[in-house]
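Each remark here refers to the structure printed beneath this line.
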Amino acid sequence: HPNNSVNEQTKMRLNTAATLILLQSSVLTTLVTGFTTSSSSRSSIATTPLSVAIAAAEDATAVSSGSNSSGPGLDEFTIRHKLTFRELQRECRSLGLEVTGNTAALRARLIGAVYGSSSAGNTVSDVDDSASTTATSNGVKKLTGVSFIDESDSDFDRKYLIDTIMDKCSRGHWKSATRKLKQLQNRFLTQAVDTDEEIQTVYATVLEACSKDRLHGARAAEPARKVMEEMVDRGFPVSKSVANDCVMNCVGIGPGGTHDGFGGIDPALAMLHALETSCVKDGSAEAEGLTTPLDVDAYARVVEGLCREGAVDEAILMLRAMVVDHSFTPTLNAFASASAAAIKAEANESVLQVMSLAKAAGYELDSVASAEAGRLLLADGVIAAERMDNLALGLRLLTAAQKAEGCLPDRGDDLVASSSRASQRACTLIHRRAIDKAIEDNNWKLSVRLLELMPERSLTPATSCWRKVVNMCAKAEKSRKATDLLLKWVEEAKDGKIEKPPLNVFNTVINVCEICGEEELTLLVLDAMKKTIDTDGNIITFNIALKRLAKQGNTQGCEGIIMGMLQAGIEPSIVSYTTAIAACVNAGDPALAEEWLRRLRMRQAKANFHTYNTALAACLEKKDIESTKIGSRIAAQMMEDVGVEMESGYKGSAEFNSAIPDTYTKKLVLELNKQLRDNWRSGEIDMREAKSTVRVPLMKIVDFDRTEAAKQIKKAKEEKAAKKRTLDEDEQAERALDDESEIEYNTVRRTMEV
């Protein structure tokens, strides 16, 4: 019917006009979002021109911001649009507010605390009310005499928006889709329609459109975050695959975990929090024991992003949540990233926490070195152990790496030690300190094992390490092991890896071979010395001959050796003279011992307490009064040297350059006193004469421990013993020389044992 056609056209035009009026009022209301008006002001806005309304909105916004200037340096715009998820949490925490909830909840809570409840309640629903009020008071004149019957679809606009959103999503227009979804949410969605499956599908489709192409280069990260949080708030299900893609693709390698300024760690953390909240709300998930819809890779991506940002504590907390709360087994890469970040931040305790979490996740230290990430984790543990001076832990980690299979043709500990310059340095220092500790504990086996392990782990032992271990074996009278180490040292020196062994080391090994009666080893070491030092004869070879003659008591042979040294231009050492005096002990010739002391003084050589002890021992063989008198004169010379030394001081080591009596000196003098008593009892000397002359120097040595000088010397020795663990390189070299001298004098003392 023609009238029906006209009526349909009239209805269409009226519907179009009504829609335009609603849109105009909606736009006008949107411009004043955030500004709460009274009912009278709302009606005035409806009849005010657009430009005047905009100006009024700007004035109202200025007044509103000015009235809230007393807040803690935060304006409402900053809170709504600039603060990230973690920044919102920090601000809430600083104000003593709860830090739970999604981004919108945190913002509302913060705005409410800073600006009061009225500003916090200025939500989108207020804008919708304003829009409906404006639409009903638009000033349109009512027509009289005409009746209207509304036969249009009341859900037309809602369905039209839904169709538009779905069309945009199908075309991949995620920006338009998210804007239309916001319009749909502001105009039509209420809690009453939360269970509408069609709306759930719309949200899921928009979120999926945002997640395409790695969140469109992370540009869709923020819209995806908002959609996901809204879905969780409304109780809508979120696809696990889409959720994992969104979280993983949020995190990049740029500052703050961004991709060219988009995305970042904060949107990923906000999504992660929302998704974990969804599991708490979902009864079925709780029944199944699910704590998160995300998989381990999504969490690992966030952990790696936090590590790149340097947020070590947050990364470790997330690792702990993965292992403890969600029963995940993170990849070794996640643990290695956390440990590397902790090493960079010098948080050594955090490295140990990461390793503990790795062990709690099911990884075994003895097998993780099979993977590169596991080796990096162990290397970080070694670096932390070295910084904490935890030698046992560092060596334990390297041993665990050594046991790992699947590293062939290399060894796991070798790969760990050479994984970086920092790890190589840490491994070298740990072995060096462990060798020092083993030597301090007189554990020669451990010191040898540690030295042998260093080349196997691509570590180069320093010359001081070789020297200390060789001396340790020599002190323990392990001639074969000392010789073996010395020959290995010579081979390393030929390859140019370290310096050649010094003469003193060859001398030390030769001495221990002589003590142990290993003549073949002595010849082997002498041959190696000639090839290494490029010499046929030196003081070491002369001293070897002296010691062998002294053991036989051949004083003439010893004198001939020393004369030969002087003729060859080699100045005899104090050890050479002491060895010649030792020959007098075995020959029972105290007069010749005293003569050697006189010759020594003529050569401007300074006798030490080892020399005087050897000479005093020579006076105990014949036990006659002449021997006792010679011993008294030697004691007087010794105390004279002690007096000079106390006035001027001594140079070098107190153990081998000083004439100050030791306990062995006191023992020898007590024997001489006993011998003197036997002499006056046998009538060889008058008792009063003996006490007033011969006995006086002997008693000075006996009473020396009670003098103030002896107390000062004892205090100095105690301070030196307490300083053992803090020696610098020069002091360590001096100690090595002391050890070598001690071995040499032990050899001299052995020559007096018949």
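Note: hydrogens, waters and symmetry copies are ignored here, and every other heavy atom, side chains too, is used.
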Let me confirm one number: the [atom1]-[atom2] distance from [X] to [Y], rounded to the nearest 0.5 Å.
X      : Y      : atom1 : atom2 : answer
Leu672 : Lys667 : CG    : NZ    : 13.0 Å
Glu595 : Thr555 : CD    : OG1   : 12.0 Å
Asn608 : Thr614 : CG    : OG1   : 8.5 Å
Lys666 : Asn673 : NZ    : CG    : 11.5 Å
Cys473 : Leu486 : SG    : CG    : 11.0 Å
Tyr664 : His610 : OH    : NE2   : 11.5 Å

Which pair of non-hydrogen atoms, one from [X] and one from [Y], has the smallest distance, and what is that distance?
X      : Y      : result
Asp366 : Ala400 : OD1-CB, 3.3 Å
Gly631 : Leu698 : O-CD2, 4.2 Å
Ala369 : Ala401 : CB-CA, 3.8 Å

Do [X] and [Y] touch side chain to side chain, with heavy atoms closer than 4.5 Å?
X      : Y      : result
Ile561 : Thr579 : no
Ile625 : Trp680 : no
Leu450 : Leu395 : yes
Ile498 : Pro461 : no
Leu378 : Met355 : yes
Met638 : Pro697 : no
Phe506 : Pro501 : yes
Met454 : Ile435 : yes

Take Cys513 and Thr483 through the side chain to side chain contact (heavy atoms under 4.5 Å, CB included) test and state the conclusion after the steps. CA-CA 8 Å; Cys513 292; Thr483 303; 3.6 Å; yes
Ion pair present between [X] and [Y], side-chain N to carboxylate O less than 4.0 angstrom?
X      : Y      : value
Lys494 : Glu491 : yes
Asp527 : Lys531 : yes
Lys623 : Asp678 : no
Glu514 : Lys547 : no
Asp414 : Arg457 : no
Lys606 : Glu645 : yes

State which residues pass salt bridge (charged side-chain N to carboxylate O under 4.0 Å, His left out) with [X]; sequence neighbours excluded, sorted by chain then number.
X      : answer
Arg387 : none
Asp441 : Lys437
Asp703 : Arg706
Asp624 : none

Run the side chain to side chain contact (heavy atoms under 4.5 Å, CB included) test against [X] and tell me which residues pass, sequence neighbours left out.
X      : value
Glu364 : Ser367
Lys359 : none
Leu415 : Arg375, Cys407, Asp410
Lys700 : Met639, Val696

Can you check side chain to side chain contact (heavy atoms under 4.5 Å, CB included) on Asp589 and Glu621, steps first, answer last? CA-CA 8 Å; Asp589 193 348; Glu621 295 298 323; over 6 Å; no
Run the numbers on Ile685 and Lys629 for side chain to side chain contact (heavy atoms under 4.5 Å, CB included), then give the verdict. CA-CA 11 Å; Ile685 187 173; Lys629 289 181 178 180; 4.3 Å; yes
Applying side chain to side chain donor-acceptor pair (under 3.5 Å), name anything that partners [X], two or more places apart in sequence or on another chain.
X      : value
Thr628 : Gln675, Asn679
Tyr577 : none
Glu386 : Arg433

Please say whether more than 12 non-hydrogen atoms of neighbouring residues, nucleotides or ligands are located less than 6.0 Å from [atom1] in [X].
X      : atom1 : result
Arg425 : CZ    : no
Met563 : CE    : no
Arg598 : CZ    : yes
Glu456 : CD    : yes
Glu684 : CD    : yes
Glu452 : CD    : yes

Please list all pairs passing the salt bridge (Lys or Arg N to Asp or Glu O under 4.0 Å) test where one or both residues lie in residues 561-571, with sequence neighbours left out. Glu571-Arg603
What verdict does the side chain to side chain donor-acceptor pair (under 3.5 Å) test give for Thr578 and Thr611, after you've listed the backbone C-alpha separation in whole Å, the side-chain angles of each residue and the deciding distance to 0.1 Å? CA-CA 5 Å; Thr578 304; Thr611 309; 2.9 Å; yes
Counting distance only, does the side-chain N/O of [X] pair as donor-acceptor with the main-chain N or O of [Y] below 3.5 Å?
X      : Y      : answer
Asp484 : Arg480 : no
Asp686 : Arg688 : yes
Ser632 : Val694 : yes

May I ask you to check whether Asn554 and Asn586 show a side-chain donor-acceptor distance below 3.5 Å?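 No pair is found: no donor N or O on one side chain lies under 3.5 Å from an acceptor on the other.
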Would you please test Glu405 and Ser370 for side chain to side chain donor-acceptor pair (under 3.5 Å) and show each step? CA-CA 6 Å; Glu405 300 177 355; Ser370 302; over 6 Å; no
Does the pair Leu391 and Asp389 meet the rule for a side chain to side chain contact (heavy atoms under 4.5 Å, CB included), with working shown? CA-CA 6 Å; Leu391 305 181; Asp389 200 23; 3.8 Å; yes
